[in-house]
Structures are given as structure tokens and as C-alpha cells.
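Start at 1 with the first residue, then count along the sequence. Just so it is clear, the structure is predicted and the values come from calculations on it, not from any experiment.
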Amino acid sequence: QVQLVESGGGLVQSGGSLRLSCAVSGSIFSIYSMGWYRQAPGKPRELVAAIPSGGSTNYADSVKGRFTISRDNAKNMVYLQMNSLKPEDTAVYYCNADGVRLKSPWGTPRVGEFRYWGQGTQVTVSS
């Protein structure tokens, strides 16, 4: 079983900062892309930032220059540093792992690639 567990959400004033963390556990061989999505009430889920292994990062226009995504491949963790937060950043933030290859008992990759989601963490920015 693969689990993604987010932490670091909470309530912050406008202009403040928060750092989200996501730990991926399970029998993982490799993860292609890790990212963060968010969903505000009444709105569809949207990409916030993504970081593929060995590739360049990708950010939503609304967070460029304010948010920074990073990952630790050795620990299978992904982080989102959020600065200069605005009320419109209020949402449930979901961790995502895409292109996940699972590990066989012999340490080799199993066939297939999968996508997994965390349970979400609430971020509320007050004005």
C-alpha cells in the first residue's frame, strides 16, 4: 500500500508563510513527478506546483514568485514553501505522486505506473 501524508497546513494572516510537507510511504521503486494541487470551495481542483524527477518545476501563474516546490528523492518527500500568502490561496491542498512504480519483493520495478493522492490539508489565509 502506498500512502501520502501531508502536514503543515493551518491558519495564517495575509502576507504570512506556511510550509507544507508530504511523505510518501510504501514499497516504492521510483516516482516520476510529485506535486501539490488545491481545491477551494465550489471550484475544481487545480495544479499549484509540480516537480518531476530531474526536470524543471512547474507553477500555476497565480503562485509564481511566491511558492517554491522541492523534493527529497531519498526520503520520498515533497515540500511546498508558501510565502506572501493571500486570502485567495485558501483551499485544501493535496499532495500528488504521479508515475509511481512499485517495487517487487526482489527489488525490481513492477509493471505499471500509478497515481496517488494525499488526504488533503487545509490552508486558510485571513485578510
Side-chain angles (χ1 to χ4, degrees):
Q1 291 284 0
V2 174
Q3 286 190 315
L4 279 67
V5 179
E6 301 107 333
S7 60
L11 173 63
V12 65
Q13 288 189 333
S14 181
S17 298
L18 283 174
R19 186 178 190 241
L20 304 183
S21 299
C22 174
V24 184
S25 63
S27 188
I28 305 290
F29 183 84
S30 63
I31 303 173
Y32 172 66
S33 180
M34 303 182 78
W36 293 92
Y37 288 70
R38 67 186 180 188
Q39 187 167 21
K43 294 187 177 181
R45 189 174 296 189
E46 64 174 358
L47 173 69
V48 177
I51 180 168
S53 59
S56 60
T57 54
N58 181 32
Y59 294 95
D61 288 343
S62 58
V63 307
K64 283 181 181 177
R66 300 188 297 122
F67 291 11
T68 302
I69 189 171
S70 61
R71 65 187 281 181
D72 184 332
N73 291 325
K75 298 180 179 179
N76 284 335
M77 294 199 65
V78 62
Y79 308 93
L80 186 68
Q81 178 66 43
M82 304 185 294
N83 298 328
S84 302
L85 283 161
K86 305 176 181 180
E88 50 264 43
D89 294 318
T90 296
V92 177
Y93 284 69
Y94 296 91
C95 176
N96 165 266
D98 210 355
V100 178
R101 303 184 75 186
L102 303 178
K103 188 187 301 182
S104 75
W106 303 275
T108 56
R110 291 183 180 270
V111 174
E113 296 184 353
F114 305 93
R115 167 178 283 187
Y116 297 94
W117 294 93
Q119 80 287 353
T121 185
Q122 177 69 46
V123 171
T124 302
V125 184
S126 63
S127 57

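- In this structure, L80 CG and M34 CE are separated by 12.0 Å, a value rounded to the nearest 0.5 Å.
- Residue S53 holds its OG atom at 9.5 Å from CD1 of I31, rounded to the nearest 0.5 Å.
- Within 6.0 Å of the CD atom in E88, the count of heavy atoms belonging to other residues, nucleotides or ligands exceeds 12.
- Considering only residues two or more places apart in sequence or on other chains, N58 meets the side-chain hydrogen bond (donor to acceptor under 3.5 Å, both in side chains) condition with none of them.
- In terms of hydrophobic clustering, with Ile, Leu, Val, Met, Phe, Trp and Tyr side chains grouped at heavy-atom distances under 4.5 Å, V48 and L85 are assigned to a common cluster.
- Under the ring-ring contact (aromatic ring centres under 6.0 Å, His included) criterion, F67 pairs with no residue, sequence neighbours left out.
- Shown here for G118 and E6, the closest heavy-atom pair between the two residues is CA-OE2, 3.3 Å.
- Looking at Y59, its side chain never comes within 3.5 Å of a backbone N or O of R66 through a donor-acceptor pair.
- Distance check: E113 CD to S33 OG gives 11.5 Å after rounding to the nearest 0.5 Å.
- Nearest approach of V78 to C95, heavy atoms of both residues: CG1-SG, 3.7 Å.
- A donor-acceptor pair is defined here as one N or O able to donate and one able to accept, closer than 3.5 Å; no such pair exists between the side chain of S104 and the backbone of R110.
- Going from atom OG1 of T57 over to atom NZ of K64 covers 9.5 Å, rounded to the nearest 0.5 Å.
- Side-chain heavy atoms closer than 4.5 Å link hydrophobic residues (I, L, V, M, F, W, Y) into clusters, and following such links, possibly through other members, connects W36 to V100.
- F114 and V5 sit in two unconnected hydrophobic clusters of ILVMFWY residues. Membership requires side-chain heavy atoms under 4.5 Å apart, directly or through other members.
- Residue pairs that meet the ring pair (Phe, Tyr, Trp, His ring centres under 6.0 Å) test with at least one member in residues 73-96, sequence neighbours left out, do not exist here.
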Side-chain donor-acceptor pairs under 3.5 Å in residues 8-21, sequence neighbours left out?
residue: S17; atom: OG; partner: N83; partner atom: OD1; Å: 2.9

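- Applying the salt bridge (Lys or Arg N to Asp or Glu O under 4.0 Å) test to every pair with at least one member in residues 29-55, sequence neighbours left out, gives these pairs: R38-E46, R38-D89.
- Judged purely by atom type and a 3.5 angstrom limit, Q1 has no side-chain atom pairing as donor or acceptor with the backbone of G26.
- To the nearest 0.5 angstrom, K86 atom NZ is 8.0 Å from S62 atom OG.
- A search for side-chain contact (heavy atoms from CB on, under 4.5 Å) contacts involving V2 returns L4, V24, I28, L102, Y116, not counting sequence neighbours.
- Side-chain heavy atoms closer than 4.5 Å link hydrophobic residues (I, L, V, M, F, W, Y) into clusters, and following such links, even through other members, never connects L47 to I51.
- Between the NZ atom in K75 and the OG atom in S25 there is a gap of 15.0 Å [rounded to 0.5 Å].
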